[in-house]
Amino acid sequence: MPGPTIDLTIYDDEAALLAGLRRHDPDACTCMVKRFAPLVYARALRLTGDHDEAESVLQTTFIKACDALQTFEGASGLGTWIYRIATNEGLMLLRRRKPQVALDDVAETLQPDDVPQQRQAWAPDPLRAALDGELHVELEQAIAALPEPLRIVVLLRDIEQFSTQETAAQLGLTPGATKVRLHRARLRLREALAEYMASRTEADDA
Amino acid sequence: MRDHPPNHSLERCRVLIAQLNDYLDGELPPDLCAELDTLGKTVQIVRTLDLARPTLPPDVEARLLARLALSQAPQPAAMSDADPINRRG
């Protein structure tokens, strides 16, 4: 069932949106969901790799945000605040899973799977290529295929743009170990994208 | 973590510094240059992932709004249809 259709522009202004939320205006709540929920869900899905768990993170995030709205001081933007709650919820969920982690996945040196196989140059404009929907699908699949310890680091550092120190603190790692995991994750993503990028280069040359 | 003898780490460090100098001097072999350049491009591409505005599946949005309406209601009520955990059966 599709969600309600409302005029989203009535709460374009964040201060007005916050005021609407604080007086429990249902339209303000719908605006907040339509504006912020897609990215919360997309990030939770990348983090957990599971639709039900992502939806659970989504719901818990918005319930906690609504409960805490009266005390939200606005030091950061509303979106930034909601995304931080979502990240914390996602990480808590992963900790509760207590996964069986392979030693190779948390090693602080390069492992055989990290060693590059493809050393061809790519198309000259990766940012133009990044807007390519197909490339995004390839990238989402490559991220999903990363072992969890590597996936979390690349999501926090490269996508959510946490600093190395913040990422390390979130994960209980040293900054050095965080950098090693990030490098290993990037190597594997590069390898996963190499074949697709090579085919793009050939198509562009043809 | 695999332990390496201190000399191994020192030697590896020297090799990396030499390669960095070669890269800056434009003397690094083309395949290693491509390796570095494509790694940089990978980072750029990953960082654009959130720029593609994601969409929320309509049923997920509807359940979220229903759950929020219930959580804001004065009296607690059953919320099995809105709860993703209960939906698992």
Side-chain angles (χ1 to χ4, degrees), chain A residues 1-4 24 26 29-30 32-34 37-43 45-46 51-56 58-59 62-63 66-67 103 106-109 111 116 118-123 126-127 129-131 133 135-136 139-140 143 154 158-161 177 183 186-187 189-190 193-194 197, chain B residues 1-5 8-9 12-13 15-16 28-74 76 79-89:
Chain A
M1 182 180 76
H24 302 289
C29 184
T30 304
M32 174 181 68
V33 165
K34 288 191 179 290
L39 194 52
V40 168
Y41 182 73
R43 287 180 171 182
L45 189 55
R46 284 186 203 122
H51 287 276
D52 279 339
E53 287 183 336
E55 188 170 347
S56 178
L58 175 76
Q59 293 194 358
F62 277 88
I63 287 169
C66 287
D67 287 348
L103 286 180
V106 292
E108 293 186 22
T109 55
Q111 300 300 302
Q118 308 266 353
R119 286 180 167 164
Q120 285 178 298
W122 291 358
L127 291 179
L131 300 175
L135 178 59
H136 273 160
L139 184 55
E140 293 279 14
I143 289 172
V154 83
D158 281 344
I159 297 181
E160 302 199 25
Q161 312 268 320
H183 184 62
R186 287 169 169 174
L187 283 173
L189 292 179
R190 189 268 306 275
L193 294 181
M197 295 302 281
Chain B
M1 177 180 164
R2 290 179 187 174
D3 291 330
H4 295 287
H8 175 95
S9 299
R12 180 73 186 136
C13 192
V15 168
L16 285 173
L28 196 67
D31 61 332
L32 291 181
C33 276
E35 197 177 315
L36 274 179
D37 290 339
T38 54
L39 195 57
K41 287 175 180 174
T42 299
V43 175
Q44 283 182 282
I45 293 168
V46 171
R47 287 181 175 169
T48 65
L49 204 54
D50 270 353
L51 297 180
R53 188 78 186 147
T55 54
L56 187 64
D59 55 331
V60 174
E61 181 188 292
R63 283 193 292 272
L64 173 60
L65 288 168
R67 183 80 187 259
L68 287 174
L70 287 172
S71 73
Q72 298 297 306
M79 55 181 72
S80 57
D81 286 349
D83 188 339
I85 296 170
N86 288 341
R87 282 189 302 103
R88 289 177 185 171

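A, B, ... follow the sequence lines: proteins, then strands. Residue 1 opens every chain. The shown structure was predicted, so the numbers you read here are calculated from the model rather than taken from an experiment.
For A/I159, the parts sitting under 4.5 Å from any heavy atom of chain B are the backbone and the side chain alike. In this structure, chain B has a heavy atom under 4.5 Å from the side chain of A/Q161, while its backbone stays farther away.
Between the side chains of A/R186 and B/T42, no donor N or O sits under 3.5 Å from an acceptor N or O.
Residue with the most contacts toward chain B among A/L58, A/I143, A/L189: A/L58 (heavy-atom pairs, distance under 4.5 Å).
Atoms OG1 and CG, on B/T48 and A/D158 in that order, are 10.5 Å from each other to the nearest 0.5 Å. To the nearest 0.5 Å, atom CG of residue B/D50 and atom CZ of residue A/R43 are 4.5 Å apart. Rounding to the nearest 0.5 Å gives a distance of 11.5 Å between CD1 of B/I45 and CZ of A/R190. Remark: B/L56 CG to A/K34 NZ distance equals 8.5 Å, nearest 0.5 Å.
A pairwise comparison of heavy atoms in A/A37 and B/L64 identifies CB-CD2, 4.0 Å as the closest pair. In terms of heavy atoms, A/A42 sits closest to B/P54 at CB-CB, 3.7 Å.
For A/E140, the side chain to side chain contact (heavy atoms under 4.5 Å, CB included) criterion is met by A/R46, B/L49, not counting sequence neighbours.
Counting heavy atoms from C-beta outward, A/H51 and B/V60 have side chains that stay 4.5 Å or more apart.
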